[in-house]
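As the structure is a prediction and not an experimental result, all values here were calculated from the model. Computed from heavy atoms alone, side chains included, the values below leave out hydrogens, waters and symmetry copies.
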2 protein chains.
Amino acid sequence: MGHRENPRPGGRSARVQAAVHQSVREMLSKMDRADVTIPLIAQRANVTPSTIYRRWGDLQELLADVAASRLQPEGEPARIGSAREDLEAWVEQYADEMASGVGRQMLRDVLATIDGANAEKCSGYTQQQLCVLIARARENGEPFPSLGELMDHLISPIIYRILFDQAFDAGYARELVARVMRKSNA
Amino acid sequence: MGHRENPRPGGRSARVQAAVHQSVREMLSKMDRADVTIPLIAQRANVTPSTIYRRWGDLQELLADVAASRLQPEGEPARIGSAREDLEAWVEQYADEMASGVGRQMLRDVLATIDGANAEKCSGYTQQQLCVLIARARENGEPFPSLGELMDHLISPIIYRILFDQAFDAGYARELVARVMRKSNA
DNA sequence: TTCACTAACGCAAATTATTTGCTTTTGTGC
DNA sequence: GCACAAAAGCAAATAATTTGCGTTAGTGAA
């Protein structure tokens, strides 16, 4: 039986997963990443290392799993006013979160695993959020970029800069929004 | 003295680096990635494991180092005809290379390390190539997108798709070129 | 409720990887 | 050639990972 996707809530499997995830989050916030090892995580979570090895395989996959679950958005994008304003506010928060030290590291963890399941999941979260904004714009009859345009010309440049460059300022995100809106309205 | 940047050519340090890099490349092409370990690499390269540990730290950093050096372009973009044609040809090759199994893995290796030096280096390679194309366009008086536009609206979407999605077809790159050229000419 | 069944866990021994102190080699500048 | 320093080799100590086997806990049927 797959344990990763649907551990029955309240079961032993779910308890172990929760304990391990929490242990990882605590350690990542308190210690240097190089000092986070599976035996230590296991100790804090009150499980044996072999349990973690059997369930996740290695540290990278465990970190990717934790990172993916942390990258899941809490709720829907805030309602500010127009769809464009909602988008601007959402992008600012998204960019800040991803560009922070923790965010960068989560991105890297998610991308480091061999199978792209976690990465795909994260991209899916982003697309869901954008779809909500698109739906709102449609309800209001506001012109709005398509999901493809938003992913290609707003999300992609932000993530690329975060991953490959060091430089990333807040105003840049606003500029991208302006550009993608302008283009969509033309 | 820093050994990573300027090992004097022909020195012992350079020989070890070459042997280790070659050993890694061979193993990555022949075996499953999970079976590539530092002791094995060391054995093939005729060095002791401790040499690798001291120089690179861990497997991730070594793989990132090797990947970064493999991502360095061989020469200048080919001259086909107009700057736009040159760009189209270059992007096609770039996208194919990055989207291949080996390319994806190299990207992930480069991004996995904590300090972004290798990632920055790779982005720098890409920008150098694009600058050559931009310079050619300027010489010919052809209209052409700026480096920023090319990075944001051509390179970023390609890399994002490769990293986060599975789907990536060749025609998509051409479409992006058309879009970024259209925009630049407007 | 009980009972049989199975997935997941704990434990501990065996294996493998990593770290480290010390010695030796090799290339560089005098 | 000689002295110096950086990097490599070696081997012992430590730490992480794998694995076989016994145990526990949740699940579903009677």
Side-chain angles (χ1 to χ4, degrees), chain A residues 1-24 26-28 30-66 69 109 112-115, chain B residues 1-24 26-28 30-66 69 109 112-115:
Chain A
M1 199 223 298
H3 41 59
R4 201 80 79 74
E5 301 310 334
N6 276 336
R8 313 252 165 107
R12 180 168 55 157
S13 188
R15 282 200 303 278
V16 168
Q17 162 158 352
V20 169
H21 272 226
Q22 187 185 339
S23 169
V24 170
E26 280 176 17
M27 294 183 68
L28 284 180
K30 288 191 190 115
M31 353 179 358
D32 191 65
R33 149 172 244 81
D35 300 330
V36 175
T37 65
I38 286 187
L40 267 181
I41 294 167
Q43 193 182 339
R44 285 215 183 205
N46 281 312
V47 298
T48 54
S50 64
T51 294
I52 296 182
Y53 285 116
R54 282 203 239 256
R55 238 175 114 154
W56 281 278
D58 61 13
L59 184 60
Q60 265 193 354
E61 287 193 58
L62 172 56
L63 291 178
D65 190 37
V66 172
S69 79
D109 287 342
T113 51
I114 305 167
D115 97 308
Chain B
M1 199 220 298
H3 41 59
R4 200 82 78 75
E5 301 310 332
N6 276 334
R8 314 251 166 109
R12 179 169 56 157
S13 188
R15 280 200 306 276
V16 167
Q17 161 157 353
V20 170
H21 272 226
Q22 187 185 339
S23 171
V24 169
E26 281 176 17
M27 294 183 68
L28 284 180
K30 288 191 190 117
M31 349 178 1
D32 190 66
R33 147 171 247 81
D35 300 330
V36 175
T37 65
I38 287 187
L40 266 182
I41 294 166
Q43 193 182 338
R44 285 215 183 204
N46 281 311
V47 299
T48 54
S50 64
T51 295
I52 296 182
Y53 286 115
R54 281 205 238 255
R55 239 176 113 156
W56 281 278
D58 60 14
L59 184 59
Q60 265 194 355
E61 286 194 59
L62 172 55
L63 291 179
D65 190 36
V66 172
S69 79
D109 288 341
T113 50
I114 306 166
D115 96 310

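- Heavy-atom neighbours of B:Gln43 CD from other residues, nucleotides or ligands within 6.0 Å: at or below the threshold of 12.
- The CD1-P distance, from A:Ile41 to D:dA15, rounds to 17 Å in whole Å.
- Computed from coordinates, the B:Leu62 CG to C:dA17 C1' distance equals 15 Å when rounded to whole Å.
- Protein atom CG of B:Leu59 is 17 Å distant from nucleotide atom P of C:dT16, rounded to whole Å.
- The listed nucleotides are D:dT17, C:dA7, C:dT19; the one nearest the side chain of A:Arg12 is C:dA7.
- A:Arg55 and A:Ser13 make their closest contact through NH1-O, 3.0 Å (heavy atoms, listed as atom of the first residue, atom of the second, distance).
- Considering only side-chain N and O atoms, A:Arg15 lies under 4.0 angstrom from the phosphate OP1 or OP2 of D:dG26.
- One finds no side-chain N or O of B:Ser50 lying less than 4.0 angstrom from the OP1 or OP2 phosphate oxygen of D:dG9.
- As a whole-Å value, the separation of A:Tyr53 OH from C:dG10 C1' is 15 Å.
- Among the nucleotides C:dG21, D:dA7, C:dT18, the one closest to the side chain of B:Arg54 is C:dG21.
- Going from atom CD1 of B:Ile38 over to atom P of C:dT15 covers 22 Å, rounded to whole Å.
- For the pair A:Thr51 and C:dG10, the criterion of a side-chain N or O lying under 4.0 Å from OP1 or OP2 is met.
- Closest of all the heavy-atom pairs between B:Thr113 and B:Ala64 is CG2-CB, 3.3 Å.
- At whole-Å resolution of the value, CH2 in B:Trp56 and C1' in D:dA8 are 12 Å apart.
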Determine whether B:Arg33 and B:Asp109 satisfy the following criterion, salt bridge (charged side-chain N to carboxylate O under 4.0 Å, His left out), listing intermediate values before the conclusion. CA-CA 11 Å; B:Arg33 147 171 247 81; B:Asp109 288 341; 2.7 Å; yes
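- Put simply, CG on B:Leu63 and CD1 on B:Ile38 are 8.5 Å apart, with the number rounded to the nearest 0.5 Å.
- As rounded to whole Å, 12 Å separates atom P of D:dT17 from atom CG of B:Asp58.
- Note: CZ (B:Arg55) to P (C:dT18) measures 18 Å, nearest angstrom.
- Residue-level contact check: A:Thr37 touches the backbone only, with heavy atoms under 4.0 Å from sugar-phosphate atoms and none from bases.
- Both B:Gly11 and B:Pro49 sit near DNA chain C, but only B:Pro49 has its closest nucleotide nearer the 5' end.
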